[in-house]
Every structure is written in structure tokens, then in C-alpha cells.
Asks: 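I'd like to ask some things about the structure below.
Small disclaimer: the values here were computed from a predicted structure and weren't measured. Residue numbers begin at 1 in each chain, while the letters A, B, ... track the order of the sequences.
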Amino acid sequence: MSANAAAAGPHRRRLHRWLTAEVTTSPQQASLQRLYFGWLRFRRNPLAMIGLSILLALIVIALLAPWLAHYGSNDQDLYARLKPPSAAHWLGTDELGRDIYSRLIWGSRITLYIACLVAIIAAPVGLIVGTTSGYLGGWTDTVLMRVTDIFLSFPGLVLALAFVAALGPGIENAVIAIALTAWPPIARLARAETLTIRSSDYIAAIRIQGASPLRIIVKHVMPMCVPSVIVRITLNMAGIILTAAGLGFLGLGAQPPSPEWGAMLSTGRQYLIGAWWLAAMPGLAILLTSLAFNLFGDGLRDVLDPRTE
Amino acid sequence: MTAAAEGRSPQPRRLPPWVRAGWRVGSSIVVTLLGLLGLTFFIGRMLPIDPVIAIVGEQAEQSTYDMVYKQLGLDRPLYVQFGYFIRDMMSGNFGQALFTGNRVIDDLRRVFPATIELATFAICIGVFVGVPVGMLAAVYRGRAIDHVARMVGLIGYSSPTFWLGLMGLVIFYAALGWVGGPGRLDVYFIDVVDLVTGSVLIDSAIAGEWDVFRNAFSHIVLPGSILGFASMAYISRMTRSFMLEQLGQEYVIAARVKGLSKWRVIWRHAFRNILVQLITVIALAYAFLLEGAVLTETVFAWPGFGRYLTAGLLAGDMNAVLACTLIIGLIFVGLNLLSDLLYRLLDPRTR
């Protein structure tokens with residue numbers, strides 16, 4: 001590493017020295033150091049780096065979609081229906097002559113939108129329920145954990161299906177349904193973490209100083225649970241994407257003509273025998289994304305949880 | 001909730017321990033059951049469709065509407081409705097399935113064996129491939145086979161089963177013609193064998209109708225393998241980590257030092273010790289198969305539970321959907337409980 005840094009410019013060398021200093025001079029430096037060391041460990045894991053690269057590429061593709069896509073997501077060319085992959089249409093065209101490559105690129109936005117929205121809803125809910133339950137204990141704990149268990153006693157997809165059936169199909173309802181099934185494992189995890197934190201000395205010290213339970217939970221317990229919650233939601237992200245695609249495939253998530261990958265697969269199914277690329281391409285995109293999340297999540301867990309080594 | 005709280009508080013001394021344990025397990029089952037019912041009831045109430053209009057239609061007269069409204073008990077308070085709901089569900093009265101015209105319970109009786117057959121086929125693949133692969137990966141840790149097993153497992157976790165199913169159909173059915181197409185049997189084999197056990201494979205074998213058996217096998221092999229792929233990934237991963245834990249123990253080294261062969265130690269000593277943990281993992285994998293079956297059955301037009309559920313969903317038939325959801329929840333809880341009990345029963349350390 002040091003040779004690497006020496007080869008770089010003086011700024012980079014100074015940054016490296018600052019990030020690896022034995023004695024830190026400010027809290028910012030200390031927390032940045034932790035991040036830096038974590039990154040160094042993460043970088044050693046080639047599979048995790050592959051996952052991270054795919055995810056970064058996906059984000060870039062979603063951001064640059066207007067420039068990368070050759071056509072709009074619904075541009076039809078009825079003279080070029082069901083054409084196999086070629087130079088003009090890299091991944092072929094669908095039953096309305098729409099360019100599949102372009103639709104996949106537009107669809108990456110929808111996939112990321114669903115994944116982020118579910119994470120933004122489910123992670124805080126799980127964190128709040130888990131830490132409250134773990135810190136307060138007693139009746140609150142019994143009630144909250146019973147509710148969590150009941151949600152956990154359905155397979156995620158089936159519960160999401162039931163919620164979508166009640167709410168009606170559509171992408172927003174799919175997000176709500178998936179989020180409703182995604183928070184319980186996070187609550188379980190946050191509770192387990194809280195139970196170990198609760199009995200530590202620093203919590204006792206704050207309590208003696210007169211901090212309210214709310215303040216302790218929000219200011220002193222939750223920040224400690226955040227890393228593992230992030231890892232868990234990243235690992236679950238693969239499942240979330242598969243569930244979302246499954247809902248789209250069954251016609252209960254995003255509705256055609258939306259270029260959502262699951263919905264595209266569902267249409268492609270009707271042309272399966274003659275035009276396999278209609279179903280193959282969106283499925284590959286789903287596989288690649290969920291694989292990337294799994295690889296990235298595994299690497300992240302190795303960094304943040306040294307017990308697995 | 002009361003039951004659970006009392007279950008945790010210390011009981012009077014005179015009760016023997018197994019009664020106390022039974023009380024705790026029993027009360028937690030009752031609370032979970034009530035929770036399952038409550039959640040499904042709640043989902044049923046979120047429905048934006050008016051259940052009365054779903055039955056009488058838009059053009060019905062006000063008097064008809066009011067009558068059905070009363071018959072459904074919608075004029076009663078919510079907790080009374082919940083009471084009726086519990087009574088109905090407990091007695092297996094899930095109502096009529098509007099999209100088939102049958103009672104939901106009769107439909108379920110018809111479709112369930114097909115799913116059980118598919119899931120059992122899949123779990124066999126998961127176990128008979130997953131366990132040896134996991135063992136090999138643990139024994140040859142860090143070598144090529146370990147990496148290959150891990151990559152295959154990761155792909156198993158990450159692939160959408162419905163997509164694998166479609167691609168399987170394209171390759172093995174349409175292009176190569178190795179396997180049968182969608183459905184359980186080809187048209188001219190349907191109703192040749194009377195279903196006794198509900199499994200076409202077993203029934204045709206008993207009846208000695210080997211043509212039917214071969215046809216049924218060619219239909220189940222693709223959906224079963226694809227469904228089994230995901231559980232194989234899970235089972236091999238768990239087997240690997242259980243085995244690694246055992247192989248690091250001193251008794252393994254001691255047995256090797258005594259001169260026992262490598263594979264004898266692995267199978268006779270280490271493997272026996274992970275059996276109990278493996279059984280719990282397999283029970284859980286079976287439960288997750290039911291989830292995978294929903295999508296796989298839709299792709300393969302398998303006349304089972306999952307296809308019934310999705311057909312009910314697309315028809316907006318809440319009776320069928322709620323019944324299916326509740327039953328899957330029950331099976332899930334049951335299998336979890338079973339794996340827990342087996343663990344206690346088989347592992348002497350938990351006594």
C-alpha cells in the first residue's frame with residue numbers, strides 16, 4: 001500500500017498519511033480512518049469489488065439513461081417487430097418494435113427506484129421497532145416482537161402478493177407491499193444488537209446523567225445499530241429486487257408499457273418460443289443486479305463483522 | 001398477548017416441567033395463530049373493492065344490496081366481524097371462490113397435492129445434490145470445487161426462478177425436446193390413472209402404468225430441478241458452514257491420529273454431528289419452496305396451489321387469496337415449529 005501511495009502525487013500521499021495516522025486529532029479524522037480501513041479491507045475481496053462495480057455501473061446507467069439509450073422507452077417501429085439482436089438493435093426488438101437495449105436502460109431507473117424506496121421505508125421502521133423493543137423490554141418488547149414474528153411467519157412474496165391484491169396493482173403499491181414484508185428481519189436484527197448495547201457501561205453512564213429513554217435510543221443506541229442494518233438491507237436488496245420483478249412478472253407490479261424488467265419478462269413470455277430474447281434479456285438484467293447486490297453485501301458483511309473471518 | 005406474557009412468568013412449583021414447556025409453546029402457537037388471522041382479516045379489510053358489489057353487481061337494487069350487506073355481517077361492529085371470521089376460518093369455511101365457482105376449500109383440496117409433489121421432488125434434488133456439494137466444499141475449502149460451489153450457489157440465490165423456468169422451457173423443451181412441456185401430464189395421459197395419494201408419480205407407479213409415469217416424470221423434472229436449484233444453494237451453503245465447524249474440532253484430529261481414514265472420519269463422525277442441524281435447515285428450505293412454487297407453477301402451468309393463488313389474485317378474488325395466504329402462513333409456522341421440535345428431540349445437548 002505504501003509503495004502505491006508513494007507512486008501517487010504528494011497530495012495523495014499526505015491524505016494517505018493523514019488517514020493512517022496512529023494518533024487521530026479530531027473525531028472527523030477518526031471516523032474517516034475507520035471508513036478508510038474498512039475500504040482497504042473491502043478492496044481485498046475481488047468478488048465484492050465486482051459486485052460494487054456492477055452496482056456503480058447500474059447507477060451511472062440509470063443517471064445517463066437519456067444519453068445511453070438509442071431510443072425512447074416506448075418508441076415503436078412496427079416494421080421492425082421481434083427482430084433478433086443485431087447491430088441496429090443490440091438486444092433485439094419486442095413485439096411492438098421497441099428496442100430492448102434502450103428499454104432495459106430506462107428500466108434500470110425503475111429497479112433502482114423500487115429498491116431505494118423500499119430501503120428508505122423498511123430500514124428506519126425496522127430500526128425504530130427493533131431498538132425500542134430491545135431497549136424498553138417488558139411488555140413493549142413482547143407486543144412488538146409478536147407482531148414482528150407474525151409478519152415473519154409468511155413467506156415474503158406471498159405476503160406481498162396479498163397486500164398488492166388488497167391495495168391494487170401498481171408500482172407504488174408494490175413498493176408499499178414489499179416494504180411491509182422487508183422490515184421484520186431488520187427489526188429482529190436491531191433488537192438483538194440493542195440487547196447487547198443496552199447492558200454496556202456507557203449506556204449506564206448516560207442513564208445516570210439523566211438522559212431520557214427516547215434520547216438514549218435515538219442518540220446512543222440507534223447509531224450503533226446502523227452499520228449492521230445497512231449490511232442487512234443490502235443483503236436483502238437482492239431479494240427485494242427479485243420480489244419486485246416477480247410482482248411485475250405476475251402483472252401486479254409496474255404495468256405495461258412501463259419498461260420495468262419483470263413486466264418486460266411477462267410480455268416476453270408470450271413470444272418465448274419464436275423470440276427468446278424478449279424474455280432472456282430482462283431476466284439477465286435482473287440476475288446481474290441481484291447477483292451484484294449479493295456479492296457487495298457479502299463483502300460489506302466481512303468488513304463490518306470481523307467474526308465471519 | 002396475555003397468554004404469551006403469562007407463559008414467560010414463573011409458574012407455580014407443582015407443575016412438572018413438560019407441562020410448563022407445553023404451556024409456553026402452546027400459548028405462543030395460539031397467539032401466532034390469532035396474529036395470522038388478524039393480519040389476513042386486516043388485509044381483507046383494506047380492499048378498495050366493495051365486497052357486496054362484487055357479489056350482487058353494479059346494477060343491483062338497493063334492497064338486494066342491503067340484504068347481502070346484512071348477510072355478510074358488514075353492519076356488525078368490527079370485532080364481531082373478526083369473531084365470525086375466526087369461526088369461519090377455523091372450520092375451513094373460506095367461502096366461495098368466485099373465479100372457479102367452487103368452494104375454496106374444495107379447490108384447495110384439489111390443487112394442494114400437485115404442489116406437494118413438486119415441492120417434494122425439488123427438496124429431494126436440493127438435499128441429494130446440496131448436501132454432498134456442501135460437504136466437498138468444506139473438505140476442500142479454498143480449492144476450485146469450493147469456489148465453483150460458491151458461485152453456483154450465489155447464482156442460485158440471485159436468479160429469478162420464473163426466468164430460469166422460461167429459459168429452461170426454451171432450451172430443454174422447445175429446442176432440445178428432452179422434457180415435457182407445461183402441465184403435469186400430456187393431454188392423452190390425463191385421467192388414465194385414478195389419483196389416490198395425489199401424486200401422479202406414485203399413483204402411476206402403483207398402478208403399473210409406466211407410460212404415464214414416464215410422461216409425468218418428463219413433466220416434473222424441469223420445474224422440480226429449477227425449484228430445487230434455489231434450495232440446493234441454501235442447503236449446500238449451510239452444510240458447508242456446519243461441516244467447517246465440525247472439521248475444526250479436536251475429535252476429528254484425534255480420530256485421524258488414531259488411524260481412521262479421512263472419509264470415514266468425515267462421514268461417520270463429522271457428518272453425524274451435523275445431521276440434526278441439517279434437518280432443521282431442510283425443514284426451513286421446504287417452507288421456502290412453497291414461496292418459490294408460486295412463480296414456478298405460474299410459468300409451468302402446474303395445476304397447484306401457487307397457480308391457484310395467482311389466478312385468484314388476477315381475478316381479484318379475495319376469498320381465495322386470503323385462504324391461500326392463511327394456509328401458507330400455517331404451513332410456515334408449522335414447519336418452523338417442527339424443525340424446532342426435531343432439534344430438541346434429536347440433539348441431546350438441548351436436554
Side-chain angles (χ1 to χ4, degrees), chain A residues 47 51 138-139 142-143 145-147 149-159 161-169 180 238-239 241-243 245-246 249-252 261-262 265-266 268-269 272-274 276 278-280 282-295 298 308, chain B residues 1 4-5 8 28 31-32 34-36 38-40 42-49 150-151 154-155 157-164 166-167 169-171 173-175 287-288 290-292 294-295 298-299 306 309-310 312-314 316-318 321-322 324-326 328-330 332-333 336:
Chain A
L47 284 178
W139 269 98
T142 312
V143 173
M145 278 304 115
R146 274 284 156 223
V147 173
D149 281 349
I150 287 158
F151 273 86
L152 278 176
S153 55
F154 290 100
L157 179 68
V158 174
L159 192 57
L161 283 176
F163 275 119
V164 171
L167 293 167
L180 276 171
I241 284 172
L242 290 183
T243 311
F249 176 70
L250 291 174
L252 297 163
W261 296 343
L265 234 171
S266 167
R269 190 185 164 193
L272 193 60
I273 305 300
W276 53 269
L278 256 68
L284 270 178
I286 299 168
L287 169 62
L288 207 62
T289 312
S290 104
L291 187 66
F293 268 114
N294 271 332
L295 292 173
D298 275 352
T308 50
Chain B
M1 298 306 156
R8 288 204 183 146
S28 106
V31 172
T32 313
L34 275 178
L36 287 180
L39 190 58
T40 37
F42 171 71
I43 293 173
R45 291 289 127 181
M46 289 181 357
L47 199 65
I49 312 163
R150 177 196 271 219
M151 261 336 271
L154 264 170
I155 291 172
Y157 275 126
S158 314
S159 0
T161 41
F162 48 98
W163 177 73
L164 283 183
L166 290 176
M167 292 301 109
L169 278 176
V170 169
I171 297 169
Y173 170 62
F288 280 108
L290 292 174
E291 181 179 14
V294 174
L295 288 166
T298 312
V299 170
L309 172 60
T310 48
L313 274 169
L314 294 174
D317 192 334
M318 242 11 217
V321 172
L322 286 188
C324 290
T325 313
L326 190 67
I328 288 208
L330 283 180
F332 226 57
V333 172
N336 269 303

Asks: Identify the two heavy atoms, one from Thr32(B) and one from Arg146(A), that lie closest to each other, and give their separation to 0.1 Å.
Replies: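 It is OG1-NH1, 3.7 Å.
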Asks: Measure the shortest side-chain to side-chain distance between Ile286(A) and Trp163(B) over non-hydrogen atoms and say whether it is less than 4.5 angstrom.
Replies: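 Result no, sub-4.5 Å side-chain heavy-atom pair not found.
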Asks: Could you walk me through whether Phe154(A) and Leu36(B) pass side-chain contact (heavy atoms from CB on, under 4.5 Å), step by step?
Replies: CA-CA 9 Å; Phe154(A) 290 100; Leu36(B) 287 180; 3.4 Å; yes
Asks: If you measure from CG on Leu295(B) to OG1 on Thr243(A), what distance do you get to the nearest 0.5 Å?
Replies: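 Those atoms lie 9.0 Å apart.
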Asks: Highest number of heavy-atom pairs under 4.5 Å with chain A: which of Val333(B), Val321(B), Leu154(B), Thr310(B)?
Replies: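 Looking at each of Val333(B), Val321(B), Leu154(B), Thr310(B) in turn, Leu154(B) comes out on top.
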Asks: What part of Leu39(B) gets closer than 4.5 Å to chain A, counting heavy atoms only: side chain, backbone, both or neither?
Replies: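 Interface part for Leu39(B): side chain.
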Asks: Show the nearest heavy-atom pair for residues Ser158(B) and Leu242(A), with the distance to one decimal.
Replies: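 Looks like O-CD2, 3.6 Å.
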Asks: Does Phe151(A), at its CZ atom, have more than 12 non-hydrogen atoms belonging to other residues, nucleotides or ligands within less than 6.0 Å?
Replies: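 More than 12 heavy atoms, drawn from other residues, nucleotides or ligands, come within 6.0 Å of this atom.
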Asks: Determine the option with the most heavy-atom pairs under 4.5 angstrom with chain A, choosing from Pro160(B), Cys324(B), Gly306(B), Ala174(B).
Replies: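 With the most close heavy-atom pairs to chain A, the winner is Pro160(B).
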Asks: Does any heavy atom of chain B fall under 4.5 Å from the side chain of Ala245(A), the backbone, both, or neither of them?
Replies: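 Contact with chain B: backbone and side chain both.
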Asks: Check each atom of Phe249(A) against the heavy atoms of chain B and say whether the ones under 4.5 Å are side chain, backbone, both or neither.
Replies: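 When you check distances to chain B, only side chain atoms of Phe249(A) fall under 4.5 Å.
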Asks: Which atoms of Leu314(B) are under 4.5 Å from chain A, going by heavy atoms: the side chain, the backbone, both sets, or neither?
Replies: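 Side chain only.
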Asks: Taking all heavy atoms of Thr325(B) and all of Ala162(A), pick out the closest pair and write down the distance.
Replies: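 Smallest interatomic distance, heavy atoms only, reads OG1-CB, 3.7 Å.
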Asks: For the atom pair CZ (Arg150(B)) and CG (Asp298(A)), what is the distance rounded to the nearest 0.5 Å?
Replies: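 Between atom CZ of Arg150(B) and atom CG of Asp298(A) there are 7.0 Å.
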Asks: Given that the side chain runs from C-beta out, which part of Leu288(A) has a heavy atom under 4.5 Å from chain B: side chain, backbone, both or neither?
Replies: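 Neither part; nothing is under 4.5 Å.
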Asks: Check this for me: Tyr173(B), atom OH, are more than 12 non-hydrogen atoms of other residues, nucleotides or ligands nearer than 6.0 Å?
Replies: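 For Tyr173(B), atom OH is not crowded (no more than 12 foreign heavy atoms under 6.0 Å).
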Asks: Just do the side-chain contact (heavy atoms from CB on, under 4.5 Å) check on Arg269(A) and Thr298(B) with the steps written out, would you?
Replies: CA-CA 11 Å; Arg269(A) 190 185 164 193; Thr298(B) 312; 4.2 Å; yes
Asks: Taking Pro282(A), Ser290(A), Pro155(A) one by one, which has the highest count of heavy-atom pairs under 4.5 Å against chain B?
Replies: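 Most heavy-atom pairs within the cutoff with chain B belong to Pro155(A).
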Asks: With rounding to the nearest 0.5 Å, note down the distance linking CD1 in Ile150(A) to OG1 in Thr40(B).
Replies: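 Going from CD1 on Ile150(A) over to OG1 on Thr40(B), the span is 10.0 Å.
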Asks: Under a 4.5 Å heavy-atom cut-off, does chain B meet the side chain of Leu250(A), its backbone, both or neither?
Replies: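 Backbone plus side chain of Leu250(A), per the 4.5 Å heavy-atom cut-off to chain B.
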Asks: Considering only heavy atoms, which portion of Leu309(B) lies under 4.5 Å from any heavy atom of chain A: side chain, backbone, both, or neither?
Replies: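 When you check distances to chain A, only side chain atoms of Leu309(B) fall under 4.5 Å.
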Asks: So what's closer than 4.5 Å to chain B heavy atoms on Ile241(A): side chain, backbone, both or neither?
Replies: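 It is neither, since no heavy atom gets under 4.5 Å.
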Asks: Report which part of Tyr157(B) has an atom under 4.5 Å of a heavy atom belonging to chain A: side chain, backbone, both, or neither.
Replies: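 The answer is both parts of Tyr157(B).
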Asks: Name the member of Leu159(A), Ile273(A), Leu161(A) that forms the most heavy-atom pairs with chain B at distances under 4.5 Å.
Replies: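 Top option by heavy-atom pairs under 4.5 Å: Leu161(A).
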Asks: State, to 0.1 Å, how close Gly156(A) and Glu291(B) come at their nearest heavy-atom pair, and which atoms those are.
Replies: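 Result for this residue pair: N-OE2, 3.5 Å.
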Asks: Where do Phe163(A) and Ile43(B) come nearest, in terms of heavy atoms and distance?
Replies: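 Scanning both residues completely, I find the closest heavy atoms to be CE2-CG1, 3.7 Å.
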